[in-house]
Amino acid sequence: MANVAAPKIGPVILLGPPGAGKGTQSKRIVEHYGIPQISTGDLLRDHVKRDTDLGRKAKGFLAQGKLAPDELLYGIVADRLKLPDCERGYILDGFPRTAAQAAWLDDYLGHEFFDKSETWAPVVIRMDVDYTQLLLRLTGRRTCATCGRIYNLHFQPPRVDELCDLDGSKLIQRNDDRDEVIRPRLAAYEIQTKPVAAYYQAQGRLIPLNADRPMDAVTADIFNVIDSHAAERTVSGTAKSE
Ligand code: AP5
């Protein structure tokens with residue numbers, strides 16, 4: 001059952017290159033604020049795994065480190081945002097990733113969201129990390145196949161080699177974390193996703209954040225940003241109802 005007393009957080013967009021820490025920080029936001037993580041990468045990988053029609057269309061793009069076509073994303077994002085657990089807010093991890101996706105999202109939130117009387121403009125946090133560090137993060141990443149916990153062989157290794165600390169499951173390397181796929185992914189970010197930051201910057205909504213620091217420091221900054229936006233929403237909501 002929804003916690004009616006819990007504050008509304010609204011949409012939180014984590015923007016950043018592959019390996020910036022979007023997934024890692026999303027999991028901490030989920031735990032702290034009780035809002036869901038919507039990772040379009042995870043949704044697409046799930047379709048590929050289940051061999052759905054959409055998964056078959058997306059598979060080749062993911063394997064080559066290219067972005068899937070915009071049209072494949074709109075339906076899965078819209079369906080996910082309609083679920084009741086998104087009512088207090090949600091984290092978009094990996095979406096929008098093109099200027100067209102950003103425009104689609106604004107249009108969607110303007111027309112479809114639960115409570116149109118409130119300001120539901122997303123908080124957009126761009127996580128900036130040095131290129132060499134990104135390569136280390138991606139090549140060293142391992143994920144628990146059972147619980148999804150993320151590790152890194154260089155920075156955050158499991159206690160026992162290749163096994164999850166929480167459930168002992170074998171850690172796996174993502175198919176697109178191979179050197180030959182990492183580079184096209186980083187190139188796609190430069191060419192297709194950087195304009196998304198420009199789109200939000202032009203609206204005065206972009207919050208750049210140095211994510212090239214220890215995880216806890218990055219988390220603290222993200223929580224501060226979310227808290228101050230949630231407080232602003234509360235104030236403007238109160239002002240409106242007076
Ligand atoms: P997606 O799954 O979204 O991958 P990505 O954006 O490439 O991001 P990653 O998941 O690789 O990195 P992350 O930022 O989450 O980093 P993480 O926290 O894991 O997309 C995959 C593919 O799906 C795309 O290439 C595309 O084909 C398709 N796709 C998805 N969305 C799409 C869309 N909207 N449109 C079109 N196509 C789409 O961290 C990485 C590592 O670093 C971990 O090992 C972690 O432990 C470590 N780490 C994290 N933070 C720190 C820190 N502060 N210090 C040290 N290590 C750290």
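What you are looking at is a predicted structure, and each value in this text was computed from that prediction instead of being measured. Each ligand, and each atom within it, is numbered from 1 in the order the structure gives.
The option with the heavy atom closest to atom 34 (N) of ligand 1, from among Ala58, Pro17, Gly94, is Gly94.
Residue-to-ligand polar distances keep Asp42 apart from ligand 1: every N/O pair is separated by 3.5 Å or more. Between Gly21 and ligand 1, at least one pair of N/O atoms sits closer than 3.5 Å. The shortest N or O to N or O distance between Asp177 and ligand 1 is not under 3.5 Å. In terms of N/O distances under 3.5 Å, ligand 1 is not approached by Gly65. Between Ala20 and ligand 1, a contact under 3.5 Å exists for at least one N or O pair. Backbone and side-chain nitrogen or oxygen atoms of Gln133 are examined, and none is located within less than 3.5 angstrom of a nitrogen or oxygen of ligand 1. The distance criterion of under 3.5 Å between nitrogen or oxygen atoms is not met by Leu73 with respect to ligand 1. The distance criterion of under 3.5 Å between nitrogen or oxygen atoms is met by Thr24 with respect to ligand 1.
Distances shorter than 4.0 angstrom occur between a heavy atom of Arg213 and an atom of ligand 1. At least one heavy atom of Arg45 sits under 4.0 Å from some atom of ligand 1. Taking a 4.0 Å cut-off on heavy atoms, Gly140 fails to register as neighbouring ligand 1. Residue contact annotation: Leu14 has no non-hydrogen atom under 4.0 Å from ligand 1. Assignment of Arg174 to the shell around ligand 1 is supported, since a heavy atom sits closer than 4.0 Å. At least one heavy atom of Gly19 sits closer than 4.0 Å to an atom of ligand 1.
Met215 and Ile150 sit in two unconnected hydrophobic clusters of ILVMFWY residues. Membership requires side-chain heavy atoms under 4.5 Å apart, directly or through other members. Val129 and Leu136 fall into different hydrophobic clusters, defined by Ile, Leu, Val, Met, Phe, Trp and Tyr side-chain heavy atoms under 4.5 Å apart, directly or through other members. Each of Ile13 and Ile222 belongs to its own hydrophobic cluster when Ile, Leu, Val, Met, Phe, Trp and Tyr are linked at side-chain heavy-atom distances under 4.5 angstrom.
Using a 4.0 Å cut-off to heavy atoms of Ile150, the atoms of ligand 1 that qualify are 19 (O), 43 (C), 44 (O), 45 (C), 46 (O). Heavy-atom proximity to Phe155, at under 4.0 Å, picks out these atoms of ligand 1: 55 (C), 56 (N). Counting atoms of ligand 1 from 1 in the listed order, those under 4.0 Å from a heavy atom of Gly23 are 13 (P), 15 (O), 18 (O). Taking every non-hydrogen atom of Lys66 and a distance limit under 4.0 Å, the qualifying atoms of ligand 1 come out as 26 (C), 27 (O). Close contacts of ligand 1 with Gln101, meaning ligand atoms under 4.0 Å from a residue heavy atom, involve 33 (C), 34 (N), 35 (N), 36 (C). Within ligand 1, counting atoms from 1 as listed, the ones closer than 4.0 Å to a heavy atom of Leu138 are 11 (O). Listed by number with element, the atoms of ligand 1 under 4.0 Å from a non-hydrogen atom of Gln156 are 46 (O). For ligand 1, the atoms sitting less than 4.0 Å from at least one non-hydrogen atom of Phe95 are 34 (N), numbered in the order shown with element in parentheses.
By the criterion of a heavy-atom distance under 4.0 Å, the backbone of Tyr151, and not its side chain, is placed next to ligand 1. If you look at Asn152 next to ligand 1, the close heavy atoms, those under 4.0 Å, come from the backbone and the side chain alike. With a heavy-atom cut-off of 4.0 Å, Thr98 does not touch ligand 1 at all.
Neither side chain, Asp85 nor Tyr90, offers a donor N or O lying under 3.5 Å from an acceptor on the other. Inspection of the Gln203 and Asp106 side chains reveals an N or O donor paired with an N or O acceptor under 3.5 Å.
Rounding to the nearest 0.5 Å places CZ of Arg142 at 4.0 Å from CG of Leu153. Interatomic distance, CD1 of Ile226 versus CD1 of Ile91, reported as 7.0 Å (0.5 Å rounding). Here the straight-line distance linking atom CG of Asp128 with atom CZ of Arg213 works out to 10.5 Å at 0.5 Å rounding. Taking CZ of Phe95 as the start and CG of Leu105 as the end, the distance is 5.5 Å to the nearest 0.5 Å. Distance check: Leu83 CG to Ile38 CD1 gives 8.0 Å after rounding to the nearest 0.5 Å.
Among protein heavy atoms, the minimum distance from atom 29 (N) of ligand 1 is reached at Leu44 CD1, 3.4 Å. In terms of protein heavy atoms, atom 37 (N) of ligand 1 is closest to Ala68 N, 3.0 Å. The protein heavy atom nearest to atom 57 (C) of ligand 1 is Met215 CE, 3.4 Å. Distance from atom 32 (C) of ligand 1 to its nearest protein heavy atom, with residue and atom name: Arg97 CD, 3.4 Å. Summary of contacts: the protein heavy atom closest to atom 9 (P) of ligand 1 is Arg141 NH1, 3.2 Å. Protein heavy atom closest to atom 52 (C) of ligand 1, with residue, atom name and distance, is Arg137 NH2, 3.3 Å. Of all protein heavy atoms, the one lying nearest to atom 8 (O) of ligand 1 is Lys22 NZ, 3.2 Å. Here the protein heavy atom with the shortest distance to atom 7 (O) of ligand 1 is Arg185 NH2, 2.7 Å.
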Intermediate values then yes/no, salt bridge (charged side-chain N to carboxylate O under 4.0 Å, His left out), Lys49 and Asp42: CA-CA 10 Å; Lys49 198 172 158 193; Asp42 286 348; over 6 Å; no

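Residue Cys86 comes nearest to Leu81 through the heavy atom pair CB-O, 3.6 Å, listed as atom of the first residue, atom of the second, then distance.
Side-chain atoms of Phe155 and Gln133, non-hydrogen and from C-beta on, do get closer than 4.5 Å to each other. Taking 4.5 Å as the limit, every side-chain heavy atom of Val196 sits out of range of all side-chain heavy atoms of Gln101. A heavy-atom distance below 4.5 Å is not found between the side chains of Phe61 and Leu67.
Side chain of Arg97 to main chain of Gly94: a donor-acceptor pair is present (N/O by atom type, distance under 3.5 Å, no hydrogens or angles). Using a distance-only test at 3.5 Å, with no hydrogens or angles considered, no donor-acceptor pair links the side chain of Arg178 to the main chain of Thr139.
The distance between the ring centers of Tyr108 and Tyr74 does not fall below 6.0 angstrom.
Of the listed residues (Asn152, Thr24, Asp177), just one forms a side-chain hydrogen bond (donor to acceptor under 3.5 Å, both in side chains) with Arg141, and that residue is Asp177.
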